[in-house]
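The analysis underlying the following values was restricted to heavy atoms, covering all of them including side chains, and did not include hydrogens, waters or symmetry mates. Just so you know, ligand 1 is whichever comes first in the structure, and atom 1 is the first atom listed for that ligand. Being a predicted model, the structure only gives us computed values, none of them experimental.
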Amino acid sequence: MLRERLEKVEERIATAARRAGRRREEITLVAVTKKFPADTIREAFALGLRHFGENYVQEFDLKRPELSGLDGSKFHLIGHLQSNKAKRAVELFDVVQTVDSPKLARRLDSFGKLTDVMIEVKLSEEEAKEGAPPEQLSAVIEALAECHNLCLIGLMTMPPWSDDPERTRPYFRRLAALGRQYRLSNLSMGMSHDLEAAIEEGATYVRVGTALFGPRIRKWPP
Ligand SMILES: *Cc1c(COP(=O)(O)O)cnc(C)c1O
């Protein structure tokens with residue numbers, strides 16, 4: 001099952017990259033494993049996946065003990081991070097994609113653990129969406145420049161949900177423009193249903209859950 005789904009996702013990534021005149025190697029597939037057990041991560045690892053995205057610090061904390069020996073794997077925090085979980089987040093994750101304020105940046109930095117980070121950018125007015133508004137981006141970047149344990153590698157965004165990729169494309173284009181403006185080469189954008197549009201607009205990380213693992217019907221913890 002997973003093998004077939006992965007083949008399909010790989011084919012979609014390759015086709016989109018070709019169409020955009022980009023190389024497949026420029027794009028990292030982050031397998032989003034929230035609400036799936038550690039076994040699912042191990043199975044994906046066995047099929048060659050190395051990057052995994054999780055939304056909740058607490059959930060991943062419970063799975064982490066079952067994930068030893070997955071050499072070369074990188075775990076990305078892709079969900080909103082509350083500052084009281086910041087310490088555990090840098091202990092558990094290789095990449096924190098959801099830094100959205102100078103305060104959170106300084107807090108993450110204070111624990112002395114070398115961590116790659118991205119800034120989550122909020123590109124819509126929608127209340128529920130987390131992230132730094134574009135006008136605060138330079139303040140977060142300046143704060144990160146003073147953080148000696150954090151390495152800023154790019155920008156991340158999560159547009160308002162739409163089943164029509166053409167409606168999310170403008171958000172991807174906007175993030176790419178901000179990436180150029182601030183000379184940040186990585187863009188984390190695009191999910192199961194709109195990864196093609198994201199790749200065409202320049203995504204270097206796509207975050208894919210459902211298309212690999214099926215619907216997230218289960219509750220966590222089980
Ligand atoms: C759940 C989630 C994804 C994956 O979404 P799918 O539609 O299942 O591919 C990607 N990014 C974030 C931030 C998520 O929370």
Counting C-beta onward and ignoring hydrogens, is there a side-chain heavy-atom pair between Lys122 and Met158 closer than 4.5 Å? no

How are the rings of Phe213 and Phe36 set relative to one another: parallel (under 30°), tilted (30 to 60°) or perpendicular (over 60°)? tilted

Could you pull out the N/O contacts under 3.5 angstrom between ligand 1 and the surrounding protein atoms?
{"from": "ligand 1", "atom 1": "8 (O)", "to": "Thr210", "atom 2": "N", "distance (Å)": "2.8"}
{"from": "ligand 1", "atom 1": "8 (O)", "to": "Thr210", "atom 2": "OG1", "distance (Å)": "2.5"}
{"from": "ligand 1", "atom 1": "8 (O)", "to": "Arg216", "atom 2": "NH1", "distance (Å)": "2.8"}
{"from": "ligand 1", "atom 1": "8 (O)", "to": "Arg216", "atom 2": "NH2", "distance (Å)": "3.2"}
{"from": "ligand 1", "atom 1": "9 (O)", "to": "Ser192", "atom 2": "N", "distance (Å)": "3.0"}
{"from": "ligand 1", "atom 1": "9 (O)", "to": "Ser192", "atom 2": "OG", "distance (Å)": "2.5"}
{"from": "ligand 1", "atom 1": "9 (O)", "to": "Gly209", "atom 2": "N", "distance (Å)": "2.8"}
{"from": "ligand 1", "atom 1": "11 (N)", "to": "Arg207", "atom 2": "NE", "distance (Å)": "2.8"}
{"from": "ligand 1", "atom 1": "15 (O)", "to": "Lys34", "atom 2": "NZ", "distance (Å)": "2.7"}
{"from": "ligand 1", "atom 1": "15 (O)", "to": "Asn55", "atom 2": "ND2", "distance (Å)": "2.6"}

Short side-chain to backbone donor-acceptor contact, Thr98 and Gly79, under 3.5 Å: yes

With a 4.5 Å limit on heavy-atom distance, are the side chains of Val90 and Leu114 in contact? no

Using the side chain to side chain contact (heavy atoms under 4.5 Å, CB included) rule, pick out the option among Asp94, Val206, Thr28, Val95 that qualifies with His51. Thr28

Side-chain contact test, heavy atoms from C-beta onward, threshold under 4.5 Å: evaluate it for Tyr205 versus His76 and give yes or no. yes

